[in-house]
Amino acid sequence: MARGRVIAVDGPAASGKGTLARRLAAHYRLNFLDTGLLYRAVAARLLGAGGEPHDAVAAEAAALSLDPSDLKRADLREERVSQAASIVAAHQPVRTALLKYQRAVGRTLPGAVLDGRDIGTVVFPDAEAKLFVTASLEVRALRRVKQLREKRNKAIGSRVLAEMKERDARDGSRAVAPLKPADGALVIDTTDLDADEVFHQAVRFIDSKGG
Ligand code: DC
């Protein structure tokens with residue numbers, strides 16, 4: 001399926017998958033796609049038009065009318081958009097609408113590192129290497145609180161933890177493309193690892209695949 005090199009990086013929010021995926025893309029000189037941004041853009045577009053994230057028809061319409069400028073919206077990381085993204089992502093028609101674009105990015109030479117929830121299981125099951133990056137819920141919530149504080153946002157730890165738990169549960173239990181490690185994926189638990197250790201583990205694994 002893939003023509004360029006494709007490296008799939010999946011995992012829950014604040015697991016460190018984005019940091020790792022960006023670094024791998026630079027290391028192997030590949031393109032990079034944060035697929036979560038696509039779901040966030042659908043959600044932001046829908047909310048902006050007064051739509052309801054549980055409405056599958058409206059969510060599909062938002063996905064089909066997505067414009068590149070939607071990926072640059074300033075509100076994509078807001079909590080209400082995060083929750084709505086997790087809800088629209090459970091609708092199969094939304095996922096189908098976004099599939100073609102994700103595959104096109106992976107097939108464009110020289111290839112790409114894609115990060116998301118279902119890259120190794122659904123989007124590129126034949127990826128050259130699949131990584132599943134995870135960490136404990138508590139550590140991920142602490143990382144998110146720290147990020148928000150750096151942005152001078154007043155984050156209440158317990159609220160961040162509760163919202164993350166809610167999103168994990170929805171992303172992991174939905175009927176379509178639930179978050180789970182792909183067959184043959186290397187699982188990296190970053191709870192007690194720093195970004196360098198995660199990167200070196202990933203590179204050793206990818207290089208052992210003959211890339
Ligand atoms: O990675 P993120 O937190 O930016 O993703 C936002 C939401 O999008 C997440 O709650 C689940 C969904 N998502 C998905 O279902 N599949 C992907 N490949 C990427 C994200």
Side-chain angles (χ1 to χ4, degrees), residues 7-26 32-44 53 74-90 95 102 113-123 127 129-174 176-182 185-206:
I7 296 172
V9 182
D10 290 303
S15 58
K17 66 180 189 304
T19 304
L20 174 64
R22 270 194 188 81
R23 203 161 157 188
L24 290 174
F32 166 70
L33 180 66
D34 170 358
T35 64
L37 273 190
L38 302 175
Y39 293 90
R40 287 172 181 275
V42 171
D75 58 354
L76 296 183
R77 302 269 166 210
E78 283 178 9
E79 185 51 36
R80 65 185 206 111
V81 174
S82 302
Q83 290 296 346
S86 168
I87 296 169
V88 299
R95 308 198 69 83
Q102 296 174 76
V113 181
L114 291 92
D115 93 52
R117 299 290 189 292
D118 65 337
I119 308 304
T121 52
V122 175
V123 183
K130 302 172 203 173
L131 301 157
F132 189 86
V133 184
T134 187
S136 72
L137 174 67
E138 289 72 20
V139 163
R140 292 188 288 113
L142 280 175
R143 288 177 187 163
R144 182 52 47 85
V145 169
K146 195 167 162 259
Q147 276 174 2
L148 292 169
R149 288 228 173 96
E150 278 161 11
K151 282 198 238 156
R152 286 187 216 174
N153 227 314
K154 277 201 196 123
I156 302 163
S158 60
R159 202 195 67 211
V160 169
L161 191 130
E163 283 164 352
M164 196 167 267
K165 199 170 170 186
E166 188 184 337
R167 206 142 73 84
D168 276 3
R170 201 185 295 120
D171 297 342
S173 68
R174 67 186 177 213
V176 289
L179 172 68
K180 63 171 186 212
L186 172 73
V187 177
I188 307 178
D189 186 331
T190 69
T191 307
D192 299 311
L193 296 181
D194 68 24
D196 282 348
E197 291 168 317
V198 175
F199 175 70
H200 292 305
Q201 271 196 31
V203 166
R204 268 200 303 278
F205 176 69
I206 294 165

Does the [X] side chain pair with the main chain of [Y], one donor and one acceptor, at a distance under 3.5 Å?
{"X": "Thr134", "Y": "Asp189", "result": "no"}
{"X": "Thr35", "Y": "Asp115", "result": "yes"}
{"X": "Arg167", "Y": "Gln83", "result": "no"}
{"X": "Gln201", "Y": "Val198", "result": "no"}
{"X": "Arg117", "Y": "Asp171", "result": "no"}
{"X": "Arg170", "Y": "Ser86", "result": "no"}
{"X": "Thr191", "Y": "Ser136", "result": "yes"}
{"X": "Asp75", "Y": "Glu78", "result": "no"}
{"X": "Ser173", "Y": "Ala169", "result": "yes"}

Close side-chain approach of [X] and [Y], heavy atoms under 4.5 Å:
{"X": "Phe205", "Y": "Val203", "value": "no"}
{"X": "Val113", "Y": "Arg23", "value": "no"}
{"X": "Val9", "Y": "Lys130", "value": "no"}
{"X": "Phe132", "Y": "Ile188", "value": "no"}

Tell me whether Asp192 at atom CG has more than 12 heavy atoms from other residues, nucleotides or ligands lying less than 6.0 Å away.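 It does not: Asp192 CG has 12 such atoms or fewer within range.
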Distance, nearest 0.5 Å, that separates [atom1] of [X] from [atom2] of [Y]:
{"X": "Arg159", "Y": "Glu163", "atom1": "CZ", "atom2": "CD", "result": "5.0 Å"}
{"X": "Leu148", "Y": "Arg77", "atom1": "CG", "atom2": "CZ", "result": "11.5 Å"}
{"X": "Lys165", "Y": "Arg140", "atom1": "NZ", "atom2": "CZ", "result": "11.5 Å"}

For [X] and [Y], which heavy atoms make the closest approach, and how far apart are they?
{"X": "Ser15", "Y": "Ala135", "value": "CB-N, 4.5 Å"}
{"X": "Ala195", "Y": "Thr19", "value": "CB-CG2, 4.4 Å"}
{"X": "Leu76", "Y": "Ala44", "value": "CD2-CB, 3.8 Å"}
{"X": "Ala129", "Y": "Ile206", "value": "CB-CG1, 3.8 Å"}
{"X": "Val160", "Y": "Ala141", "value": "CG1-O, 3.8 Å"}
{"X": "Pro178", "Y": "Gly172", "value": "CB-O, 3.5 Å"}

Is it true that the side chains of Arg144 and Gln147 contain a donor and an acceptor less than 3.5 Å apart? yes
Give the intermediate values and the outcome of side chain to side chain contact (heavy atoms under 4.5 Å, CB included) for residues Phe199 and Leu20. CA-CA 6 Å; Phe199 175 70; Leu20 174 64; 4.3 Å; yes
Would you check, one step at a time, whether the test side chain to side chain contact (heavy atoms under 4.5 Å, CB included) holds for Asp34 with Lys17? CA-CA 10 Å; Asp34 170 358; Lys17 66 180 189 304; over 6 Å; no
From Val42, Leu37, Leu38, residue fulfilling side-chain contact (heavy atoms from CB on, under 4.5 Å) relative to Arg40: Leu37
Please evaluate residues Val122 and Arg95 with respect to the criterion side chain to side chain contact (heavy atoms under 4.5 Å, CB included), reporting the C-alpha separation (whole Å), side-chain torsions for both, the decisive distance (0.1 Å), and the verdict. CA-CA 10 Å; Val122 175; Arg95 308 198 69 83; over 6 Å; no
Given Leu131 and Val187, is the side chain to side chain contact (heavy atoms under 4.5 Å, CB included) satisfied, shown in steps? CA-CA 6 Å; Leu131 301 157; Val187 177; over 6 Å; no
May I ask you to decide whether Lys180 forms a salt bridge with Asp10, counting only side-chain N to carboxylate O separations under 4.0 Å? no
Under 4.0 Å between a side-chain nitrogen and a carboxylate oxygen: does that hold for Asp118 and Arg174? no
